[in-house]
Amino acid sequence: MLSSLSSTISRLILFYPKPSIPYSLSSCLKTLKPQPMIPRWSPLHSLSTHSTSRLSTSLKPQFETLVSKDDLVVLGIETSCDDTAAAVVRGNGEILSQVVSSQADLLAKYGGVAPKMAEEAHSQVIDQVVQEALDKANLTATNLSAVAVTIGPGLSLCLRVGVRKARKLAGSFNLPIIGIHHMEAHALVARLIERELQFPFMALLISGGHNLLILAHDLGHYIQLGTTIDDAIGEAYDKTAKWLGLDMSRSGGPALEELAREGDAESIKFSTPMKQHKDCNFSYAGLKTQVRLAIESKNMYVENTKLLQSLIMCSNAEIPISSASSQDRRSRADIAASFQRVAVLHLEERCDRAIEWARKIEPSIKHLVVSGGVASNQYVRARLDHVVKKNSLQLVCPPPKLCTDNGVMVAWTGIEHFCMGRFDPPPPTDEHEDYMYDLRPRWPLGEEYAEGRSEARSLRTARIHPSLTSIIQASLQQQ
Ligand code: KG4
Ligand code: ZN
């Protein structure tokens, strides 16, 4: 039932043949304006059979001109969590526009993302955000080559808003549509800012919901070296910030980073997670508990009794920091700094080991990409830069605006896949509002590195979609 109703996004990767136009030729096809007499739009067939610079007569009704990759213009839409984002990007990497509408008031009110509220907030602004992205790019939808949209992982209710908008637009303007993996987009945006970045490379992707260490062999081919067995680092930042009474309107991470600068990172000896597990997986639930206990001033090692006393005073720490005494503020800053030191140390240790593993698989790797919301943190960047240099690699870290959720990464990943012929035909114009879209809330990016399987494993395996890598690799084998 579900699969028969699924959108064509799910089928594109499975059934479409690999194009014969190599990515290195950097040539892609531009779509034609709507042609009502054409019953079926078959771009991948065309891409797969024409590696020359001209199209055969039979394809002319479907493709107007063959243009270079540089002439592609793709709209990217992102609504997987709490940011409603859209951007227009050209095939040569030029960012024509970027719009992000954040749910600051909701974050501040609930101290986190409430799916139903977030869905409503997305629905309220999605049309405006997309329109603004087109306006800022000085374009209309008719100028677009394709629409890319995040289909997972993320919150179903939220993903749905973006996918609905993308399909409506693509249907109305007869544009191909590309379903995007949110975490792949976080990784690939690094190739937009660092044009020298070639596969294979490593990536550490750190956000509110994910902690991933991957080896990116090729576009659509990822090996998962490590993941979190419980919470992601961004979630730990957000919870700690909330408990410390910080301003959550920009999410907890930036506020905690700021406060941590005032604190002594050695004042509280939180223990580093998963020391006994010699793998590349992550865990932040235990550290969260340690922080909570520290705030409640139980079960912690404090260097001086003054700090202990003031922690007792601030045990109800959700009192806003703005109304804290200077001593109380200092205690909170010490907790923030101590938390951050250990949270990031955990990343450093796992990256060190992952580099070792990755080199066994791909001795030629030269880069470690660090992306996702938490990668906008300056302390995180500095510490990981150290790890990378120690291992004679180069760090590629997108600018903060491209680390946190954005439409540019979605549009760019769309361009990368489009050029490999991985996209769907335009949806029907009369698609019903209740259409059951192919959304992938739990969607792994790569296949797990067999030698790196952890004994400490997450039990949350229900309703997981086959990984992006397995889908693409299966389709390549069918050809
Ligand atoms: O990638 P992202 O924008 O959304 C998700 O895909 O989750 O990441 C959001 C996460 C939040 O947990 C937020 O607190 C964290 O990234 N974050 C930061 C910083 N900026 C955002 N964490 C630490 N320091 C920051 N400067
Ligand atoms: Zn993200």
Side-chain angles (χ1 to χ4, degrees), residues 76-87 95 97-133 135-136 150 154-162 165 182 185-186 189 206-210 231-261 317-324 329 332-333 336 339-340 371-380 398-410:
I77 298 178
E78 158 61 43
T79 60
S80 66
C81 192
D82 56 336
D83 291 314
T84 317
I95 299 170
S97 66
Q98 183 179 8
V99 180
V100 181
S101 167
S102 299
Q103 301 175 4
D105 46 343
L106 290 179
L107 279 176
K109 188 167 170 194
Y110 298 101
V113 183
K116 191 71 194 136
M117 307 287 180
E119 178 203 16
E120 270 171 35
H122 283 304
S123 300
Q124 275 169 20
V125 299
I126 186 76
D127 289 343
Q128 199 186 319
V129 165
V130 168
Q131 193 54 50
E132 211 178 311
D135 292 347
K136 281 190 170 164
T150 304
L155 300 166
S156 293
L157 288 173
C158 298
L159 289 165
R160 201 183 149 71
V161 178
K165 176 69 187 176
H182 181 82
H186 272 308
V189 75
I206 37 179
S207 66
H210 298 269
D231 298 325
I233 184 170
E235 151 76 15
Y237 264 91
D238 291 337
K239 275 283 151 46
T240 303
K242 181 172 183 278
W243 293 333
L244 291 174
L246 306 189
D247 171 19
M248 299 292 291
S249 60
R250 288 179 299 151
S251 73
L256 192 133
E257 180 185 9
E258 233 168 87
L259 181 67
R261 288 198 197 106
E318 286 180 45
I319 295 168
I321 191 142
S322 50
S323 47
R329 185 182 175 91
R332 297 189 201 199
F339 156 78
Q340 178 163 260
S371 186
V374 183
S376 52
N377 180 302
Q378 295 304 321
Y379 178 79
V380 170
K401 255 192 157 177
L402 295 182
C403 279
T404 47
D405 288 354
N406 63 84
V408 173
M409 66 183 196
V410 177

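Just so we're clear, the structure is a prediction, and the values are computed from it rather than from any experiment.
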If every non-hydrogen atom of V189 is compared with every non-hydrogen atom of V408, which pair is closest and at what distance? CG2-CG1, 4.5 Å
Tell me the closest heavy-atom pair linking L259 and A336, and the distance in Å. CD2-CB, 4.1 Å
Check: A104 main-chain N/O paired with S249 side-chain donor or acceptor under 3.5 Å: no
Find the distance between CZ (R329) and CG (L244) and round it off to the nearest 0.5 Å. 11.0 Å
Between D82 and L106, is any pair of side-chain heavy atoms under 4.5 Å apart? no
Closest non-hydrogen atoms of R332 and G245, given as atom of the first, atom of the second and distance, are NH1-CA, 4.0 Å
Rounded to the nearest 0.5 Å, how far apart are CD of E78 and SG of C158? 10.0 Å
From SG (C81) to CG (L159), nearest 0.5 Å: 9.5 Å
Looking only at side-chain N and O atoms, does T79 offer a donor or acceptor that is under 3.5 Å from a partner on H122? no
Point-to-point distance, once rounded to the nearest 0.5 Å, from NE2 of H182 to NE2 of H210: 6.5 Å
Cut-off 3.5 Å, side chains only: do D135 and Q131 have a donor facing an acceptor? yes
Looking at V100 and A85, what are the two nearest heavy atoms and their distance? CG2-CB, 4.1 Å
Backbone N or O of D83 within a donor-acceptor pair of the S102 side chain at under 3.5 Å? no
Can you measure from CD1 (I206) to OG (S376) and round to the nearest 0.5 angstrom? 8.5 Å
Give, for atom CD of E119 and atom CZ of R160, the distance between the pair rounded to the nearest 0.5 Å. 8.0 Å
Judged by atom type as modelled, is there a donor-acceptor pair below 3.5 Å linking the side chain of E257 to the main-chain atoms of N377? no
Could you tell me whether the side chain of H186 and the main chain of C403 form a donor-acceptor pair under 3.5 Å? yes
Of all heavy-atom pairs between S371 and L402, which one has the smallest distance, and what is that distance? OG-O, 4.4 Å
Are more than 12 heavy atoms, taken from residues, nucleotides or ligands other than K239, located less than 6.0 Å from that residue's NZ atom? no
Paired with I77, the side-chain contact (heavy atoms from CB on, under 4.5 Å) test is passed by just one of I126, T84, T150, namely I126
N406 vs Q98 side-chain heavy atoms within contact, under 4.5 Å: yes
Which heavy atom of Y237 sits nearest a heavy atom of F339, and at what distance? N-CZ, 3.7 Å
